[in-house]
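A quick write-up on the structure given underneath.
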Amino acid sequence: MITAQTRLVALIGHPVSGSLSPQMQNAAFAARGLDWAYVALDVEPEDFEHVVQGLAAAGFAGANVTTPHKRAAAALSENELESVNTLVFEEGRTVGHSTDTAVLSGLPAERPVILGDGGAAAAFRADLPQARAFARRGDWPPDVGGADLVVNATSERDDVLVELGPSHTLVDLPYPETATGAAARAAGATVVTGLEVLVAQGAAAFELWTGIPAPVEAMRSALGLSA
């Protein structure tokens, strides 16, 4: 139940109807016994700045930002990032963070390849400056020869974008699993699904808002992932 004391966090995107973040983050707040709530807001690009200002003025603790607003969020917030997916409102300031790449911890990334040119792709390029990057509006088709890690940061669901094998790890950002992810898994590649990516970035965002450790197992359970 939301009361006058409940702290609020928003998801800002367009669209947001398919997002699993609300069920995951609300499960996390409940697991930690916090009187917090997470709500999804479908916001047109031309309204983004006004909505962010309104959330800050209304006392929201922060927000997640998803497509197509991540670059706009970076421009609005205090940071030097190209892409921001997490906002923290504190003492009149809007502080931006990127947690999109939290899933990279522990993954091989000596010879990465990134597919896509949106906000998530920009976040991965920032954390993997040695990566080769491919996008339909630039260098395409992608060449994954010699790669150990491939990040699919496109929105393409139905076409197989690259052929991978046992020597590859694929981070497949969309969920549920894409044709690229299914083909990679069948060929023996290691596949990190979009739900795993969601948990990793969501846990990092939770800790930025609340200042306490994220209940990762509760978040995984809320998405139907095994422990």
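Model, not experiment: these values are computed from the prediction.
- Using a 4.5 Å heavy-atom threshold, the side chains of Leu128 and Leu104 count as touching.
- Note on Val9 and Leu55: separate hydrophobic clusters, where clusters join Ile, Leu, Val, Met, Phe, Trp and Tyr whose side-chain heavy atoms are under 4.5 Å apart, directly or indirectly.
- Thr6 and Asp35 form a side-chain donor-acceptor contact under 3.5 Å, judged by distance and modelled atom types alone.
- Under a 3.5 Å cut-off, the side chain of His50 and the backbone N or O of Asp47 do not form any donor-acceptor pair.
- Around the CD atom of Gln130, the shell of radius 6.0 Å holds more than 12 heavy atoms that belong to other residues, nucleotides or ligands.
- Between the side chain of Arg71 and the backbone N or O of Ala122 there is no donor-acceptor pair closer than 3.5 Å.
- Leu20 and Val39 are not part of a single hydrophobic cluster, where members link through side-chain heavy atoms under 4.5 Å apart.
- Taking both residues in full, the closest heavy atoms of Ala102 and Ala204 are given as CB-CB, 4.4 Å, listed atom of the first, atom of the second, then distance.
- Residues Leu87 and Phe60 are not in side-chain contact: their nearest non-hydrogen atoms beyond the backbone lie 4.5 Å or more apart.
- When atom types are taken as modelled, the side chain of Arg111 and the backbone of Gly146 share a donor-acceptor pair closer than 3.5 angstrom.
- Going from atom NE2 of His69 over to atom NE2 of His14 covers 7.0 Å, rounded to the nearest 0.5 Å.
- Rounding to the nearest 0.5 Å gives a distance of 12.0 Å between CG of Asn64 and CZ of Phe206.
- The ring-ring contact (aromatic ring centres under 6.0 Å, His included) contacts involving residues 74-107 comprise nothing, where partners must be two or more places apart or lie in separate chains.
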**Request:** Apply the test side-chain contact (heavy atoms from CB on, under 4.5 Å) to residues Thr66 and Leu11: give CA-CA distance (whole Å), side-chain angles for both, the deciding distance (0.1 Å), then the verdict.
**Result:** CA-CA 7 Å; Thr66 189; Leu11 169 66; 4.0 Å; yes
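- Contact of the Gln201 side chain with the Ser98 side chain is not registered, since no non-hydrogen atoms from C-beta on lie closer than 4.5 Å.
- Counting only distance, with no hydrogens or angles, the side chain of Glu90 and the backbone of Arg93 share no donor-acceptor pair below 3.5 Å.
- With salt bridges taken as basic N to acidic carboxylate O contacts below 4.0 Å, one links Asp143 and Arg132.
- Taking both residues in full, the closest heavy atoms of Lys70 and Ala120 are given as NZ-CB, 3.9 Å, listed atom of the first, atom of the second, then distance.
- For the residue pair Ala187 and Pro166, the shortest heavy atom distance occurs at O-CD, 3.4 Å.
- Note: Phe29 and Trp36 have tilted aromatic rings, judged against thresholds of 30 and 60 degrees for the angle between ring planes.
- We find the CG-OG1 distance between Leu107 and Thr190 to be 9.0 Å, quoted to the nearest 0.5 Å.
- If you take CG on Asn26 and OG on Ser21, they are separated by 10.0 Å, rounding to the nearest 0.5 Å.
- Atom CD of Gln53 has more than 12 neighbouring heavy atoms from other residues, nucleotides or ligands inside a 6.0 Å radius.
- Between Pro142 and Leu115, some side-chain heavy-atom pair lies under the 4.5 Å cut-off.
- In this structure, Phe124 and Leu149 have side chains that are not in contact, with every pair of non-hydrogen atoms separated by 4.5 Å or more.
- Under 4.0 Å is where a charged nitrogen must lie from a carboxylate oxygen, and between Glu177 and Arg157 no such pair does.
- In this structure the side chain of Leu164 reaches within 4.5 angstrom of the side chain of Val150, judged on heavy atoms.
- Ser221 OG to Leu223 CG: the interatomic distance, rounded to the nearest 0.5 Å, is 8.5 Å.
- Under the 4.5 Å side-chain heavy-atom criterion for Ile, Leu, Val, Met, Phe, Trp and Tyr, Leu173 and Leu198 are members of distinct hydrophobic clusters.
- Both Val197 and Ile114 are members of a single hydrophobic cluster when ILVMFWY side chains are connected at heavy-atom separations under 4.5 Å.
- A donor and an acceptor atom, one from each side chain of Asn85 and Thr99, are located under 3.5 Å apart.
- Proximity of Met24 to Arg220: side-chain heavy atoms (C-beta onward) are nowhere separated by under 4.5 Å.
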**Request:** Carefully, step by step, assess Thr178 and Asp172 under the rule side-chain hydrogen bond (donor to acceptor under 3.5 Å, both in side chains).
**Result:** CA-CA 7 Å; Thr178 66; Asp172 197 29; 2.8 Å; yes
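- At least one donor-acceptor pair under 3.5 Å links the side chain of Asp148 to the backbone N or O of Glu110.
- Note that CD1 of Ile212 is 6.0 Å distant from CZ of Arg32, once rounded to the nearest 0.5 Å.
- Only one option out of Val144, Val192, Asn152 pairs with Leu170 in a side-chain contact (heavy atoms from CB on, under 4.5 Å); it is Asn152.
- Proximity of Leu161 to Arg136: side-chain heavy atoms (C-beta onward) are separated by under 4.5 Å at one or more points.
- Criterion: ILVMFWY side-chain heavy atoms under 4.5 Å apart, direct or through other members. Under it, Leu8 and Ile12 are part of a common hydrophobic cluster.
- Here the closest non-hydrogen pair linking Gly119 and Ser83 is O-OG, 2.7 Å.
- Nearest heavy atoms, Ala40 versus Pro22: CB-CG, 4.1 Å.
- The two residues Met219 and Ala28 make their nearest non-hydrogen contact at CG-CB, 3.7 Å.
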